[in-house]
Protein chains: 2
Amino acid sequence: MSPKPATAVREAKGLELHFALTVDVVLLTVRQGRLSVLLVERRNEPFAGRWSLPGGFVEPDEDIEAAAIRELAEETGLDRFPPGIHLEQLRTFGRPGRDPRGRTVSVAHLAMVPDVPLPRAGDDAARARFWPIEDLLTEDAPRLAFDHDEILRDGVERARAKLEYTSVALAFVEEPFTFGDLRRVYEAVWGVELDHSNFRKKALDNDGFVVPLGREAPREKGGPGGRPADLYRRGSAFWLERAIIRPRGRHESAAPPGPNGVPR
Amino acid sequence: MSPKPATAVREAKGLELHFALTVDVVLLTVRQGRLSVLLVERRNEPFAGRWSLPGGFVEPDEDIEAAAIRELAEETGLDRFPPGIHLEQLRTFGRPGRDPRGRTVSVAHLAMVPDVPLPRAGDDAARARFWPIEDLLTEDAPRLAFDHDEILRDGVERARAKLEYTSVALAFVEEPFTFGDLRRVYEAVWGVELDHSNFRKKALDNDGFVVPLGREAPREKGGPGGRPADLYRRGSAFWLERAIIRPRGRHESAAPPGPNGVPR
DNA sequence: GAAATAGTGTCTATAAGACAGTATAAA
DNA sequence: TTTATACTGTCTTATAGACACTATTTC
């Protein structure tokens, strides 16, 4: 089915077009051992000068996911997505009043990428940079534009949970990678230290998670010493047969009740 | 912040309102030992006469979740939600062309309720009834309106997964309930048989999952015999400390790749 | 009595976690 | 040599699953 022009849509019988639709993206990466998110400094009102998640309006005949990819490219210069990138819908935020300009509904996305080069600022963003999560989810952190603080918290929690039972951690590393690389991803996202030996055992217990390349990584000169590590590439499995569970309380606490008085 | 009238919204600077916004609800329940979903027969075009998920347009100044609750009430007569009901966002569907009338974006929701009385048809729906899931997810099942087949599959899979690591199964039972009641919920949603003894052990291992009431249920006359069961009510925990895992392959298979070539 | 359902306990296989020991590199 | 990292194996404990046994009801 081909999309209709906006004029035809507007005149369609019984269809009232009251909403502006946007996409926002929580783009996570691991840099220098810290889970970080890409933020852009807003150039225009509302919230000019405030930091926000990259995003923008969906075009009238554009698919939602395509809009998320396009906005990432326009605002950050990430115009060619690295292989293995993960992109999924997070949740849709549509509280009346969340945008002072009027009724906008935002489909939030979660993306995970390897440690890519620093993005350049695009048309809509004055500046774009990665922020360590630990510098944002505190009391005295800068408040983000719109309801992006809430979206960011949702995205981080989704990522932390999803590392347990899927292979999305692989989206954070570039091939080939070592078990050390992969373990440091888990440690950065979860903010914990993991036992080398047990981590390897659990990862290898999951068929199709990682594939050994049978070679050894040369150590970088100037770095620390140590035995060269075996190299791996991403396997084909998405769901892990045996979850790699976070140490301690697997889920921190009970979720806050939603508007209906029900935990989400 | 108070919502603005639609006219003000439409004239807001730089805000083009190209989208109609709808909500759809996958309302699940367990009836006669079978996981079932509420469907309504459409009265109006498009897809008049086809079965669809209950749902409809979000009003210009209405919160999205409130719209989901309102539509359920209007279309099904479920105007007073039973206590313990669960309602959460599922995913947003916005492919251009999914609604032949023009560009509509639907925020799909997942709801779980106890075995409530048969709903009555409302204004927008000719008929409303519960359909067993097993009669819908097969090859020769009736095709639902719009992309509701896909939404339904998403909702059922979400519910099946969420029974493992949260207490949402409690949304399917009325208080007080027995371990037999609760076990039959898991069996119906997962389509498996569970060992009585081990199920009880695992449920009781989770603090705050269920609370014993210290009384015994009288057996119904006319039914099968058996020792009267202890009664329980819902506990306060939402996340389960120790997941109650499905037998066999916990996740059936790898997810199909999304538009970006990446599993969701 | 038989059949059905509920509650309790026990045994075994497996998985999780702690940790010791060996291997190979840089400085 | 010391330090740092990687790989391998072992031991203990915890959990999962199978299943036996008892308890209390209907028919």
Side-chain angles (χ1 to χ4, degrees), chain A residues 33 163-165 173 176-188 190 192-207 209-232 240-250, chain B residues 33 163-165 173 176-188 190 192-207 209-232 240-250:
Chain A
L163 251 61
E164 292 192 322
Y165 55 93
V173 296
F177 55 88
T178 70
F179 265 112
D181 296 333
L182 190 55
R183 181 175 45 79
R184 277 184 288 273
V185 165
Y186 277 88
E187 290 176 332
W190 288 345
V192 297
E193 289 215 334
L194 299 176
D195 180 273
H196 300 211
S197 170
N198 295 332
F199 177 79
R200 166 191 315 277
K201 206 186 334 181
K202 283 154 80 165
L204 288 173
D205 261 357
N206 284 287
D207 288 344
F209 185 25
V210 297
V211 178
L213 294 176
R215 293 178 292 146
E216 295 214 328
R219 287 233 146 243
E220 299 169 29
K221 291 287 179 182
R227 172 175 168 175
D230 294 341
L231 294 175
Y232 294 83
L240 298 185
E241 304 166 5
R242 276 192 273 277
I244 299 174
I245 302 295
R246 277 177 274 190
R248 318 264 107 242
R250 171 174 178 181
Chain B
L163 251 62
E164 294 192 321
Y165 55 95
V173 298
F177 55 88
T178 70
F179 265 112
D181 296 333
L182 190 55
R183 180 175 45 79
R184 278 183 287 273
V185 165
Y186 277 88
E187 290 176 334
W190 288 345
V192 298
E193 290 216 333
L194 299 176
D195 179 273
H196 302 208
S197 171
N198 294 332
F199 178 78
R200 165 190 317 275
K201 207 187 331 181
K202 283 153 80 166
L204 289 173
D205 262 356
N206 284 287
D207 288 344
F209 184 24
V210 298
V211 179
L213 294 176
R215 293 177 294 147
E216 294 214 326
R219 285 233 146 245
E220 299 168 28
K221 290 288 181 185
R227 171 175 169 175
D230 294 342
L231 294 175
Y232 294 82
L240 298 184
E241 304 166 7
R242 276 193 272 277
I244 299 174
I245 301 295
R246 276 177 275 190
R248 320 261 108 245
R250 171 176 180 179

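In the text below, chain A, chain B and the rest are named by the order of the sequence lines, each starting its count at 1.
- The structure places CZ of A:Arg184 at 10.5 Å from CZ of A:Phe199, a figure rounded to the nearest 0.5 Å.
- Judged by atom type and distance alone, A:Lys201 does not reach the base of D:dG9 through any side-chain donor-acceptor pair under 3.5 Å.
- If you measure from atom CG of A:Asp205 to atom C1' of C:dT14, you get 10 Å, rounded to the nearest angstrom.
- Rounding to whole angstrom units, CG of residue B:Leu204 and P of D:dA16 are separated by 13 Å.
- Looking at which nucleotide of DNA chain C each of B:Asp195 and B:Arg184 is closest to, the 5′-most match is held by B:Arg184.
- Under 3.5 Å, the side chain of B:Asp230 and the base of C:dA6 form no donor-acceptor pair of N or O atoms.
- Taking 3.5 Å as the limit, the base of D:dG17 and the side chain of B:Ser197 contain no donor-acceptor pair of atoms between them.
- Taking 4.0 angstrom as the limit, B:Arg200 places none of its side-chain polar atoms (N or O) nearer than this to OP1 or OP2 of C:dA6.
- Of the candidates D:dG17, C:dT24, C:dT5, C:dT5 carries the atom nearest the B:Arg227 side chain, counting heavy atoms from C-beta on.
- At least one side-chain heavy atom of A:Leu182 sits less than 4.5 Å from a side-chain heavy atom of A:Phe209.
- Interatomic distance, CG of A:Asn206 versus OH of A:Tyr165, reported as 14.5 Å (0.5 Å rounding).
- Residue A:Glu164 is tested with A:Arg242, A:Arg246, A:Lys202 for a salt bridge (Lys or Arg N to Asp or Glu O under 4.0 Å); the sole match is A:Arg246.
- The distance from atom CD of A:Glu193 to atom C1' of C:dG17 is 15 Å, rounded to the nearest whole Å.
- Separating the CZ atom of B:Phe199 from the C1' atom of C:dT5 is a distance of 15 Å, rounded to the nearest angstrom.
- Rounded to the nearest 0.5 Å, atoms CG (A:Leu240) and CG (A:Asp207) are 11.0 Å apart.
- In this structure, B:Phe179 places its CZ atom 20 Å from P of D:dA23, rounding to the nearest Å.
- Listed candidates were D:dA6, D:dG17, C:dT8. Nearest to the side chain of A:Ala229 is D:dA6.
- Taking side-chain N and O atoms only, A:Lys202 has a distance below 4.0 Å to OP1 or OP2 of C:dG17.
- OP1 or OP2 of D:dA6 lies within a sub-4.0 Å distance of a side-chain N or O belonging to A:Arg183.
- What separates CG of A:Asn206 from P of C:dA15 is a distance of 11 Å, to the nearest Å.
- Residue order along DNA chain D, read from the 5' end via each residue's closest nucleotide, puts A:Gly225 first among A:Gly225 and B:Gly222.
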Verdict with supporting geometry, B:Tyr232 and B:Asp181, side chain to side chain contact (heavy atoms under 4.5 Å, CB included)
CA-CA 10 Å; B:Tyr232 294 82; B:Asp181 296 333; over 6 Å; no

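- The side-chain heavy atoms of B:Thr178 and B:Leu231, taken from C-beta on, include a pair separated by under 4.5 Å.
- Side-chain contact between A:Leu194 and A:Ile244: absent, with no pair of heavy atoms (C-beta onward) separated by less than 4.5 Å.
- Note: CG (B:Leu182) to C1' (C:dT5) measures 16 Å, nearest angstrom.
- Axis angle between the ends of the helix from C:dG1-D:dC27 to C:dA27-D:dT1, five pairs each and rounded to 10 degrees, works out to 0°.
- Atom P of nucleotide C:dA16 and atom CZ of A:Arg246 are separated by 16 Å, given to the nearest angstrom.
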